[in-house]
Amino acid sequence: HFDDGAAQLLAGRRILVTSGPTHEPIDPVRFIANRSSGKQGHAIAAAARAAGAEVVLVSGPAEAADPAGVRVIHVESARDMLAAVEENLPVDAAVFAAAVADWRVADASEQKIKKDGGGAPTLTLVENPDILASVSRHHTLRPRLVVGFAAETEQVVAHARDKRLRKGCDWIVANDVSPATGIMGGDSNTVHLVTAAGVEDWPSATKAEVARHLVARIAAELSGTHP
Ligand code: CTP
Ligand code: CA
C-alpha cells in the first residue's frame, strides 16, 4: 500500500493530462477506436486537482465522468487532441495517459458509406501525430516534466525503456494490459515507473491510489525534494 497524504503538494502548479481513447472517423456514423476507459487518466487529473493544481484534462470520448474542479476539453480525434494540448501549454508537468489511435482513415467519407453491391470498401490508414513525442520535443514550451504511459502485452519494462528514449519524455508509467491481467477497463493497475534513474516496481493498487502516488512523485520532482 501507498501512504500519500492529501497535502496541497501541487498548489500553484499547472498540470495537463490527456485521457481516454480517440475516435477516428471512417464516415459520419462510423469510427476506429480502442478499449481505453479513461479511468486512469481521469483519476490522475482528479488527484492533481485534490493536490491543489490547476488542471486541464484533454479527454477523448471516455467512459469516466468529468472530474470536479478540472477544466475538461472534450475531443474526438488524435489531431483534435494535439491541437487542444498545444493550446494549453505552457504547464509545469504534462501526463499523457490517453490511448491515442495510432492510425486514422486517410480520406474519411463525408457521407455514410453504402453497400453498393461492389464488395467491401478498402480503408487506407495513415499514422496520427504523436502527441507525447511532439510535446517532449517542443522547442519553447516543453513542460519541466513530461510523463508518458506505455500499455504493453509483453516485455513490459523493456518496451517502456525504449519508448521513453524514443519519445523524449522524462518518465514512462508502464503497465501490463495482456488480457489475462484484466486491467483494461478495470479499477486496479500494476505499474512500473521508468525514469532516467531506473525502474520502480509499484505495488498493485487501485487506479485512484496509483494516481495519488504519481501526483506525489510529480510534486516531489517539481519541488526538487525527491530523494
Ligand atoms: N501517444 C501520443 N500520441 C500518439 C500515440 C501515443 O501521445 N499518437 C502517447 C500515449 O498517450 C502514451 C505514449 O504515447 O503516453 C505511449 O503510447 P503507446 O501507444 O504505448 O506508444 P506507441 O508509440 O503508439 O507504440 P505502440 O502502440 O506501437 O506500442
Ligand atoms: Ca500506440
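Note that ligands are numbered from 1 as they come in the structure, with each ligand's atoms numbered from 1 the same way. Sequential numbering from 1 along the given sequence is applied to the chain's residues.
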In this structure, which one of Thr18, Val56, Asp80, Leu132 forms a side chain to side chain contact (heavy atoms under 4.5 Å, CB included) with Val85? Thr18
Salt bridge (charged side-chain N to carboxylate O under 4.0 Å, His left out) partner of Asp170, chosen from Arg144, Arg164, Arg142: Arg142
Under 4.0 Å from ligand 1, counting heavy atoms only, is it the side chain of His159, its backbone, both or neither? neither
min-distance protein heavy atom vs atom 15 (O) of ligand 1 -> Phe96 O, 2.6 Å
Provide the number and element of each atom of ligand 1 under 4.0 Å from a heavy atom of Ala98. 10 (C), 11 (O)
Roughly how far apart are Ser134 OG and Glu86 CD, rounded to 0.5 Å? 5.5 Å
Please list, in number order, the atoms of ligand 1 under 4.0 Å from a heavy atom of Leu132. 2 (C), 7 (O), 9 (C), 13 (C), 14 (O), 15 (O)
Would you give the length of the straight line joining atom CD1 of Ile32 to atom OG of Ser77, rounded to the nearest 0.5 angstrom? 12.0 Å
Atoms in ligand 1 with a heavy atom of Gly148 nearer than 4.0 Å: 15 (O)
Closest heavy-atom approach to atom 23 (O) of ligand 1 among Lys163, Lys167, Met81 is made by Lys167
At what distance is the nearest protein heavy atom to atom 3 (N) of ligand 1, and which residue and atom is it? Ile131 N, 3.0 Å
Can you tell me which residue and heavy atom of the protein come closest to atom 17 (O) of ligand 1, and the distance to 0.1 Å? Phe149 O, 3.8 Å
Which residue holds the protein heavy atom closest to atom 19 (O) of ligand 1, what is that atom called, and what is the gap in Å? Asp102 OD1, 4.3 Å
Hydrophobic cluster membership, Leu193 vs Ile15, 4.5 Å side-chain cutoff: yes
So, does Ala78 sit close enough to ligand 1 that a heavy atom of it is under 4.0 Å from the ligand? no
Transitive ILVMFWY side-chain link Leu222 to Trp171, under 4.5 Å: yes
Should the pair Phe31 and His23 be assigned to parallel (<30°), tilted (30 to 60°) or perpendicular (>60°) ring geometry? parallel
Per-atom contacts, ligand 1 versus Pro129 - under 4.0 Å to a heavy atom: 3 (N), 4 (C), 8 (N)
Rounded to the nearest 0.5 Å, how far does CD1 of Ile131 lie from OG1 of Thr22? 7.5 Å
